[in-house]
Number of protein chains: 2
Amino acid sequence: MDTRVLKYFLTVANTNNITKAAKQLHITQPTLSRQIMELERELDVALFDRTQRQLQLTKAGVLFQQRATTLLQLVDQTKDDLHQQEKELVGSVNLGCVASLASPFHDEDGQRLSKGVSGCPL
Amino acid sequence: MDTRVLKYFLTVANTNNITKAAKQLHITQPTLSRQIMELERELDVALFDRTQRQLQLTKAGVLFQQRATTLLQLVDQTKDDLHQQEKELVGSVNLGCVASLASPFHDEDGQRLSKGVSGCPL
DNA sequence: CACAATTACGTTGGACGTAAACATC
DNA sequence: GATGTTTACGTCCAACGTAATTGTG
């Protein structure tokens with residue numbers, strides 16, 4: 001699993017369109033299509049519904065969108081912290097939470113029943 | 001950033017020995033040495049102190065060890081959740097926390113001043 | 001000299017682009 | 001037929017292993 005592919009996925013998830021996403025990412029559309037397919041193969045789950053011409057995130061896709069966002073944020077913050085650790089004397093404490101889609105906070109359709117904490121990607 | 005390299009790093013961090021880590025990972029020692037060096041170049045920070053013959057984690061290395069562990073756990077849990085989301089109706093809520101090394105929970109040498117919550121990689 | 005990390009060098013799998021084929025409205 | 005995704009095919013880089021080199025106790 002590579003952060004590069006996570007960025008690819010999030011761009012497609014935001015646009016629901018591989019062609020537009022590829023332009024944003026400055027790569028070609030076939031390359032992006034292949035990378036998304038390989039990601040689905042690696043995770044062994046369908047992230048997009050391709051029955052329509054327009055791509056649509058599956059339930060698993062929505063879940064993975066949240067997790068991928070969290071992962072990239074943590075990576076970015078880590079890179080920052082590695083350089084700032086020597087300079088700053090007082091930092092911040094961040095709380096994050098992860099919930100399964102089928103937790104009591106969601107109904108059986110995966111709809112969210114409660115609002116997440118501010119800043120929490122639920 | 002690839003999870004493969006994170007696993008490489010954590011194995012070296014645990015053994016303080018590239019040769020032993022390489023055997024555990026079933027790769028050769030030069031390959032592992034190079035991957036660690038490239039990781040340090042990518043992060044633009046020294047993760048290991050090489051003044052001794054025995055490798056030693058730097059402060060940044062200790063911080064990255066914590067973050068890498070968190071990242072890999074989140075990736076693994078995500079893979080699980082993607083398959084379990086359709087089956088389970090009741091799941092669990094997990095809380096995680098991330099603190100900068102220089103936060104009030106650490107003194108100016110980066111030593112931990114308070115014990116983390118059970119299960120929290122601080 | 002023994003042990004451990006790095007450098008040198010050749011090989012190969014995978015990420016990429018171009019071109020063509022396929023699918024949906 | 002216009003728009004958008006997938007398949008085919010060739011190229012290139014980066015991850016790898018083997019061998020040689022350097023460094024430290």
Side-chain angles (χ1 to χ4, degrees), chain A residues 1-62 64-65 68 71-72 75 79 82, chain B residues 1-62 64-65 68 71-72 75 79 82:
Chain A
M1 174 104 43
D2 194 318
T3 55
R4 185 189 73 259
V5 181
L6 294 184
K7 290 172 191 166
Y8 288 178
F9 165 74
L10 287 180
T11 305
V12 176
N14 286 329
T15 58
N16 282 329
N17 184 311
I18 292 186
T19 303
K20 287 182 187 173
K23 286 178 183 171
Q24 286 185 27
L25 292 165
H26 303 103
I27 60 176
T28 61
Q29 188 234 34
T31 291
L32 184 53
S33 176
R34 245 179 297 116
Q35 292 297 304
I36 296 296
M37 285 192 289
E38 287 174 18
L39 175 61
E40 289 177 308
R41 191 175 53 78
E42 178 185 350
L43 297 173
D44 194 29
V45 68
L47 298 171
F48 292 97
D49 178 7
R50 293 166 168 77
T51 56
Q52 319 282 346
R53 196 164 88 177
Q54 181 95 325
L55 295 188
Q56 194 72 25
L57 279 173
T58 61
K59 284 185 187 178
V62 173
F64 191 68
Q65 186 181 29
L71 283 166
L72 287 182
V75 168
K79 287 181 179 174
L82 285 176
Chain B
M1 173 104 43
D2 194 318
T3 55
R4 186 188 74 259
V5 181
L6 295 185
K7 290 172 191 165
Y8 287 179
F9 165 74
L10 287 181
T11 305
V12 176
N14 285 331
T15 58
N16 281 328
N17 183 312
I18 292 186
T19 304
K20 288 182 186 173
K23 286 178 183 170
Q24 286 186 26
L25 292 165
H26 303 104
I27 60 176
T28 61
Q29 187 233 35
T31 291
L32 185 53
S33 176
R34 246 179 296 117
Q35 292 296 305
I36 297 297
M37 284 192 290
E38 286 175 17
L39 175 62
E40 290 178 307
R41 191 176 52 79
E42 178 186 350
L43 297 173
D44 194 30
V45 68
L47 298 171
F48 291 98
D49 178 7
R50 292 166 169 78
T51 57
Q52 317 284 346
R53 197 163 90 178
Q54 181 97 323
L55 294 188
Q56 194 72 25
L57 279 173
T58 62
K59 286 184 186 177
V62 173
F64 192 67
Q65 186 182 28
L71 283 166
L72 287 182
V75 168
K79 286 181 179 176
L82 285 176

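To find a chain, count down the sequence lines: A is the first, B the second, and so on, and within it residues start at 1. Everything numeric here is computed off the predicted structure, so don't read it as measured data.
- Screening A:T11, A:V75, A:L72 against A:L6 for a side chain to side chain contact (heavy atoms under 4.5 Å, CB included) leaves a single residue, A:L72.
- Comparing the helix axis at one end of the helix from C:dC1-D:dG25 to C:dC25-D:dG1 with that at the other, each defined from 5 consecutive pairs, gives an inter-axis angle of 30° (nearest 10°).
- Nucleic acid contact for A:Y8: sugar-phosphate only, since backbone atoms but no base atoms lie under 4.0 Å from a heavy atom of the residue.
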*Before giving the answer on side-chain contact (heavy atoms from CB on, under 4.5 Å), spell out for B:L39 and B:F64 the whole-Å C-alpha distance, their side-chain angles and the decisive distance to 0.1 Å.*
CA-CA 11 Å; B:L39 175 62; B:F64 192 67; 3.9 Å; yes

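- OP1 or OP2 of D:dC16 sits under 4.0 Å from a side-chain N or O of B:Q35.
- Atom CZ in B:R53 sits about 18 Å away from atom P in D:dT22, given to the nearest Å.
- A:N17 has no side-chain polar atom (N or O) that falls below the 4.0 Å cut-off from OP1 or OP2 of D:dT3.
- The backbone N or O of B:T19 sits nowhere less than 3.5 Å from a side-chain atom of B:Q29 that would complete a donor-acceptor pair.
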_Test log, rule side-chain contact (heavy atoms from CB on, under 4.5 Å), inputs B:L47 and B:Q65_ = CA-CA 9 Å; B:L47 298 171; B:Q65 186 182 28; over 6 Å; no

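- Side-chain atoms of B:F48 and B:T58, non-hydrogen and from C-beta on, never get closer than 4.5 Å to each other.
- Residue A:S33 has no polar side-chain atom (N or O) positioned under 4.0 Å from OP1 or OP2 of D:dT5.
- Note on B:T19: only backbone sugar-phosphate atoms sit closer than 4.0 angstrom, heavy atoms only; bases stay farther off.
- Distance from the side chain of B:T31 is smallest to D:dG17 among C:dA5, D:dG17, C:dT6.
- As rounded to whole Å, 15 Å separates atom C1' of C:dT7 from atom CG of B:L32.
- Listed for the A:T15 side chain is no donor-acceptor partner under 3.5 Å among the backbone atoms of A:K20.
- The nearest whole Å value for the distance from the CD atom in B:Q56 to the P atom in D:dT24 is 16 Å.
- Donor-acceptor pairing under 3.5 Å, judged by distance alone, is absent between the side chain of A:R34 and the base of C:dG14.
- Taking 4.0 angstrom as the limit, B:R50 places a side-chain polar atom (N or O) nearer than this to OP1 or OP2 of C:dT6.
- Between the CD1 atom of A:I27 and the C1' atom of D:dT11 there is a distance of 17 Å, given to the nearest Å.
- A:Q54 comes within contact range of no nucleotide atom at all, as no heavy-atom separation falls under 4.0 Å.
- Distances from the side chain of A:I18 to the nucleotides C:dT18, C:dT7, D:dT5 place D:dT5 closest.
- When heavy atoms are screened at a 4.0 angstrom cut-off, A:Q52 is found touching the sugar-phosphate backbone but no base atom.
- Atom pair B:Q29:CD and C:dA2:C1' shows a separation of 14 Å (rounding to whole Å applied).
- Along DNA chain C, the nucleotide nearest to A:T28 and the one nearest to B:K20 differ in position, and the one closer to the 5' end is contacted by B:K20.
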